[in-house]
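Since the structure is predicted, the reported quantities are computational estimates derived from the model, not experimental observations. Counting starts at 1 for both ligands and their atoms, following the listed order.
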Amino acid sequence: MNVSVSAALSDRETTRPRTADDAAAARAGAFLTIDLAALRENYLALRSRLGGRACAAVVKADAYGLGAARIAPVFHEAGCRHFFVAHLDEGLALKQALPDDCAIMVLHGPMPGSEADCAHAGLVPVLNSMEQIEAWGGLARALGRRLPAFVQIDSGMSRMGLPEADITRIAATPDLLDGIIVEAVMSHLACADEPDHPANAEQLANFRRRKALLPDAPASFANSSGIFLGPDYQFDLARPGAALYGLNPQPHLPNPMKNVVRLMAKVVQTREIPAGAHVGYSWRFRADRPTRIATVSVGYADGWLRSLSGRGAVLVDGRAAPIAGRVSMDSITVDVTDLPPEAVKPGSLVELIGPDQTPDAVAALAGTIGYEVLTSLGNRYHRRYLNG
Ligand SMILES: *Cc1c(COP(=O)(O)O)cnc(C)c1O
């Protein structure tokens, strides 16, 4: 069990004056603990693979659900000077949390009508389409100054970025970029977590060829997994997200990243039920022996996905207690028959995510990916940032 969390919970027994945080911890149903030192180590570990090339941090979706305002400054302190968010509003919020000596890129570019807000805030849009290029260039001409941007080209994912036809148009008519300082040309890999997938080499070749048609600028290509595809894929600026947050960039190999997140929830109550009794919605669990059930204060509204119904376990002092029946909105029920009764009482903590049950492992049980597990984590947790 996480000693600092359990220590905070037993403050009643100590003589230390009760703080507002103690009171909040006592009220909380569950704790989400985020290890800032592990985040820093992950950033430095990824950067060390880049042979001196720059390493950005992707902090979209509130740093994959973990809290961009607290986490981005940790990367900044570690030397990061390039940050990526998806939305303009995320960029505006992030700007408040970071010093001015770094660039914040907005992956979706400005939505129509928001270009002036983007420029005014000094955010750098990723321009994905001719429409975005025209709008950004138009604003630059109206303001009478050149405006910085990243230009994204599609290298084979067909999601965002200029298709080859538009790149050819720009090559023939470079004036289309008038007013725009192209700080970098970027693209995104679709299958980087599968090193043997032929898409990787194909996208790399497309990226090289299409980028060469545009004015010379630094290149950005690799996400977390892309970094592990080797130097050919790394270019001038890598853009890891997932691996910073401890997800495995090479799902087929042992995870080289440090686990960042711990999720602990409190037991609300326990009960003994006889063989034949049922538990939870739709009576999905039926006791086949006299059974002790603990109801735990975390549910799908907290991001403990409903697809985990009847799947996996929580850990009580390292021992597994299987999830019994459906995941409810605010609670789950776990079978603690095989655990000592004194280990599972109202207020006892059980571990749902941690080094022994990583977000990737939870995702595998839920039939999804660690990205979705992290970004689903809800807003009701008592959040703690360790080693700040
Ligand atoms: C989300 C995202 C990243 C980061 O990807 P990870 O797989 O989380 O490392 C990089 N680039 C773009 C364009 C993205 O959308």
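A side-chain contact (heavy atoms from CB on, under 4.5 Å) with Trp304 holds for exactly one of Val362, Val296, Leu377, Val373; it is Val362.
Electrostatic pairing of Glu164 and Arg210 counts as a salt bridge here, judged by a charged N lying under 4.0 Å from a carboxylate O.
Below 30°, between 30° and 60°, or above 60°: for His87 and His108 the angle between ring planes is between 30° and 60°, a tilted geometry.
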With the criterion set at N/O pairs under 3.5 Å, what does the list of contacts between the protein and ligand 1 look like, atom names and distances included?
from     : atom 1 : to     : atom 2 : distance (Å)
ligand 1 : 7 (O)  : Asn223 : ND2    : 3.0
ligand 1 : 7 (O)  : Tyr371 : OH     : 2.6
ligand 1 : 8 (O)  : Tyr64  : OH     : 2.5
ligand 1 : 8 (O)  : Ala242 : N      : 2.8
ligand 1 : 9 (O)  : Ser224 : N      : 2.8
ligand 1 : 9 (O)  : Ser224 : OG     : 2.5
ligand 1 : 9 (O)  : Gly241 : N      : 2.8
ligand 1 : 9 (O)  : Ala242 : N      : 3.4
ligand 1 : 11 (N) : His188 : ND1    : 3.3
ligand 1 : 11 (N) : Arg239 : NE     : 3.0
ligand 1 : 11 (N) : Arg239 : NH2    : 3.2
ligand 1 : 15 (O) : Lys60  : NZ     : 2.7
ligand 1 : 15 (O) : Arg159 : NH2    : 3.4

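In summary, the aromatic rings of Phe207 and Phe235 are positioned with their centroids under 6.0 Å apart. Checked against a 6.0 Å centroid threshold, the rings of Tyr43 and Tyr245 do not count as neighbours.
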- Might you work through the salt bridge (Lys or Arg N to Asp or Glu O under 4.0 Å) test for Arg384 and Asp21, ending with a clear yes or no? CA-CA 10 Å; Arg384 288 211 162 112; Asp21 189 61; 3.1 Å; yes
